[in-house]
Amino acid sequence: QVQLVESGGGLVQAGGSLRLSCAASGRTFSRYAVGWFRQAPGKEREFVAGIRWIGGGTYYTDSVKGRFIISRDNAKNTVYLQMNSLKPEDTAVYYCAAEISLTPSWSAGEYHNWGQGTQVPVSS
């Protein structure tokens, strides 16, 4: 098990940027694939971006391609989500999740390790 803590959320205007961090403690984080998910009010939790535990392969849902960048620093046990050109429809609680796997799953049900979430309201 790893413990995950997200930070970096907050109110931002449309067109602005935020960088979310997901700090891990516990087992060797470098062996975990990591996904960022988000959940807007009244909607299901959806996959946003993911990164392999090695090799740097990254994955994005279509709605954030070209705007969001996921990266990781295994020496710091941290995964980042740089969010640029934010839109009101990006408003959600953002969660990071981790699982021992080479490739991050797009399904929330595949993850057993979750952070508490960080809110990102985007004003128009």
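Remark: side-chain polar atoms of N113 are paired, donor with acceptor, to backbone N or O of A98 under 3.5 angstrom. Using a distance-only test at 3.5 Å, with no hydrogens or angles considered, no donor-acceptor pair links the side chain of E44 to the main chain of Q39. A distance-only check finds no donor-acceptor pair linking the side chain of E99 to the backbone of S105 [under 3.5 Å]. No side-chain donor-acceptor contact under 3.5 Å links T91 to the backbone of P121.
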Which donor-acceptor pairs under 3.5 Å do the side chains of residues 80-89 make with protein atoms, sequence neighbours left out?
{"from": "Q82", "atom 1": "NE2", "to": "N84", "atom 2": "OD1", "distance (Å)": "2.9"}
{"from": "N84", "atom 1": "OD1", "to": "S17", "atom 2": "OG", "distance (Å)": "3.0"}

Using residues 51-60 as the side-chain source, report each donor-acceptor pair under 3.5 Å to any protein atom, sequence neighbours left out, with the distance given to one decimal.
{"from": "R52", "atom 1": "NE", "to": "Y59", "atom 2": "OH", "distance (Å)": "3.0"}
{"from": "Y60", "atom 1": "OH", "to": "I70", "atom 2": "N", "distance (Å)": "2.9"}

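Counting only residues at least two apart or in different chains, salt bridge (charged side-chain N to carboxylate O under 4.0 Å, His left out) contacts with residues 29-38 comprise R38-E46, R38-D90. Applying the disulfide (SG to SG under 2.5 Å) rule to pairs touching residues 42-108 yields C22-C96, sequence neighbours excluded. Applying the salt bridge (charged side-chain N to carboxylate O under 4.0 Å, His left out) test to residues at least two apart or on different chains, none of the pairs has a partner in residues 70-80.
Between F47 and F37, the ring centre distance stays below 6.0 Å.
To the nearest 0.5 Å, atoms CD1 (I100) and NE2 (H112) are separated by 11.0 Å.
One hydrophobic cluster, built from ILVMFWY side chains closer than 4.5 Å, holds both I69 and V122. Both W36 and L18 are assigned to one and the same hydrophobic cluster, defined by single-linkage of ILVMFWY side chains at heavy-atom distances under 4.5 Å. With hydrophobic clusters built from ILVMFWY side chains whose heavy atoms lie under 4.5 angstrom apart, V93 does not share a cluster with V12.
Contact of the L11 side chain with the V120 side chain is not registered, since no non-hydrogen atoms from C-beta on lie closer than 4.5 Å. A 4.5 Å side-chain heavy-atom check between T78 and F29 finds every atom pair outside the cut-off.
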What's the verdict on side-chain contact (heavy atoms from CB on, under 4.5 Å) for T118 and L20, showing C-alpha distance, side-chain angles and the deciding distance?
CA-CA 8 Å; T118 185; L20 306 183; 4.0 Å; yes
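Scored by the salt bridge (charged side-chain N to carboxylate O under 4.0 Å, His left out) test, K65 finds D62 as partners (sequence neighbours excluded).
The minimum heavy-atom distance linking L4 with A24 is given by the pair CD2-CB, 3.7 Å. Residues Y94 and V48 come closest through the heavy atom pair CE2-CG2, 4.4 Å.
Below 30°, between 30° and 60°, or above 60°: for W114 and Y111 the angle between ring planes is above 60°, a perpendicular geometry.
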